[in-house]
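The sequence lines fix the lettering, A, B, ..., with proteins before strands; numbering per chain opens at 1.
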Amino acid sequence: MIKKALSEIERGAAEIIDKERIEKLLQDYFEEGKTYTVKAGFDPTAPDLHLGHTVLLQKLAAFQKYGATIQFLIGDFTATIGDPTGKSATRKMLTQEEIEKNVKSYTDQAFKILDPEKTEVVFNKSWLEALGAGGLIALAQNLTVARMLERDDFSKRYASNTPIAVSEFLYPLLQGYDSVHLKSDIEIGGTDQKFNLLMGRQLQKAYDVGKQQAVLMMPILEGLDGVQKMSKSLGNYIGVTEHPNDMFAKVLSISDELMWRYFELLSQKSLEEIAALKKGVEEGTLHPKKVKEELAFEITARFHDEEAAKKAKEEFERVHAKSEIPSDIAEVELEGPIWIAKALVEAGLEKSTSQARRDIKQGAVRLNKEKIADEQLQLQSGEYILQVGKRKFAKVKVK
RNA sequence: GGUCAGGUAGUCAAGUGGCCAACGACGGCAGACUGUAAAUCUGCUCCCUAUGGGUUCGGUGGUUCGAAUCCACCCCUGACCA
């Protein structure tokens, strides 16, 4: 039983520090019914969750199955500093209302995966503000500059003469202090958070909390391009609130190679099942597309429901495999007669008439499924289906 | 505060008086091929009913028949020194 739980928890993890402690916690849970806490921090600046975030959330959900209470920490205080992890950019202060609004949408989305009954939403402002300058300085004494500079992003930035604000040094300390205050048993985060996560361990020791949190790091999920990490700003993400049709299509658009990564980190299938699928594809008995469809279906169904996923699948086949026109397309009314290039722009299919002309010249534009070649074409009154490339459609009513 | 180096299209980056709507790379879009993809090959990639016109190279003014390129001032960024 413990073994099964442990393997589920370990799945996909990039690194675990103090695994013995996790084992012990599970053992206490199974033998004595003792619960424990798992902390994960979230930044309230970006309210839109994507699949990258769900890797972590799913891991939290797995812990919940085995006796954990999740400390869902909203970094409302630390958000004002700016996590130095990755790129540096000065963050703007958020107002209380903005934070509350973000948190609401954040938790609404998160509870699609997490069990709210076993989740405690906590805000670090409530204790960090009370820390005060004295407390902060005492906290800062736990860390030397040399140690701080060991950290990869700092050392790189320091070496390349990229500025580092002193306040950025405080970020890991404050995040670590959160673990002191919350007396967390385990903290999980992305691999890029390693330094911050370990700080929690160190500070728990320094403050005599009586335990040191175990740390579980999840890999960073690659985006649709398969190279960079999934993020909203890079535009390579799948949002959890996206329309089922888009969600399905986006999953299907990833490369075959990346698909296995998604399976491991996002699918509920067991590792054995996934290995079997992979073997099937390698031996040629299974078509990779079929397998990818399963993945797309599973993901879409999780964030919507079976019915929606089914519809998305049918829609996809209709539009792409058979290159038919989607059932639900934008309608635009225009004054006629109208020049075709202009109509394409008005319908939102092209951004300029120049671009429209180029595409017509290349044979990318279809009118009622027929390729058009005449870029001077005028549309008389009537209803038309306009299409640019494979994906962009609009129904146009010309008056 | 001082010294130096820079600011060119979505990004990086050539271009140092006319041949510049501006090389190239990446990205993006489209075509072919496919499994919708990936990979590959090809074309396009400021705007405008267009073999033409308009607006661009941090900003403002100037020199010139002519400026991304020269001059002046200003703004911004980075490095080094303090």
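Nucleotides B/A72 and B/A22, compared at atom C1', are 26 Å apart to the nearest Å.
Contacts of A/K290 with the nucleic acid, taken as non-hydrogen atoms under 4.0 Å apart, are absent. Heavy atoms of A/K361 sit nowhere under 4.0 angstrom from any nucleic acid atom. Within 4.0 Å (heavy atoms only), A/K250 reaches no atom of the nucleic acid at all. Residue contacts shown for A/E257 are absent, as no nucleic acid heavy atom lies under 4.0 Å away.
The nucleotide whose nearest atom lies closest to any side-chain atom of A/S354 is, among B/U49, B/A37, B/C47, B/C47. When distances run from any side-chain atom of A/D359 to the nucleotides B/A37, B/A30, B/U49, the shortest one goes to B/A30. For A/T353, whose side chain is taken as the heavy atoms from C-beta onward, the closest listed nucleotide among B/A30, B/C48, B/U36 is B/C48.
Of the nucleotides present, B/C76 is the one that pairs with B/G6 by Watson-Crick or G-U wobble criteria, both distances under 3.5 Å. Base pairing of B/U36: no nucleotide in any strand meets the Watson-Crick or G-U wobble criterion (both distances under 3.5 Å).
A/R358 contributes no side-chain N or O that forms a donor-acceptor pair with the base of B/A30 under 3.5 Å.
A/E222 and A/Y262 share no donor-acceptor pair across their side chains, judged by distance under 3.5 Å alone. No hydrogens or angles considered: a donor-acceptor pair under 3.5 Å links the side chains of A/N196 and A/Q193.
The distance from atom CZ of A/R357 to atom P of B/C48 is 9 Å, rounded to the nearest whole Å. A/I360 has its CD1 atom 12 Å from the P atom of B/U49, to the nearest Å. The CG atom of A/N245 sits 14 Å away from the C1' atom of B/U36 (whole-angstrom rounding). Straight-line distance from the CG atom of A/L224 to the C1' atom of B/A37: 12 Å, rounded to whole Å.
Projected onto RNA chain B by closest heavy-atom contact, A/F316 and A/Q378 fall at different nucleotides, the more 5' of which corresponds to A/F316. Heavy-atom nearest nucleotides on RNA chain B were determined for A/I338 and for A/V388, and the one closer to the 5' end corresponds to A/V388.
Under 4.0 Å is where a charged nitrogen must lie from a carboxylate oxygen, and between A/E283 and A/K279 at least one such pair does.
Heavy-atom contacts from other residues, nucleotides or ligands closer than 6.0 Å to NZ of A/K211 number more than 12.
Taking side-chain N and O atoms only, A/S352 has a distance below 4.0 Å to OP1 or OP2 of B/C47. A/S255 has no side-chain polar atom (N or O) that falls below the 4.0 Å cut-off from OP1 or OP2 of B/A39. Residue A/K390 places at least one side-chain N or O under 4.0 Å from the OP1 or OP2 atom of B/A37. Applying the 4.0 Å criterion to OP1 and OP2 of B/A30, one finds that A/R366 has every side-chain N and O outside that range.
Ring centroids of A/Y29 and A/Y36 are separated by 6.0 Å or more, keeping the two rings apart. When ring centroids are compared, A/F72 and A/F42 come within the 6.0 Å threshold.
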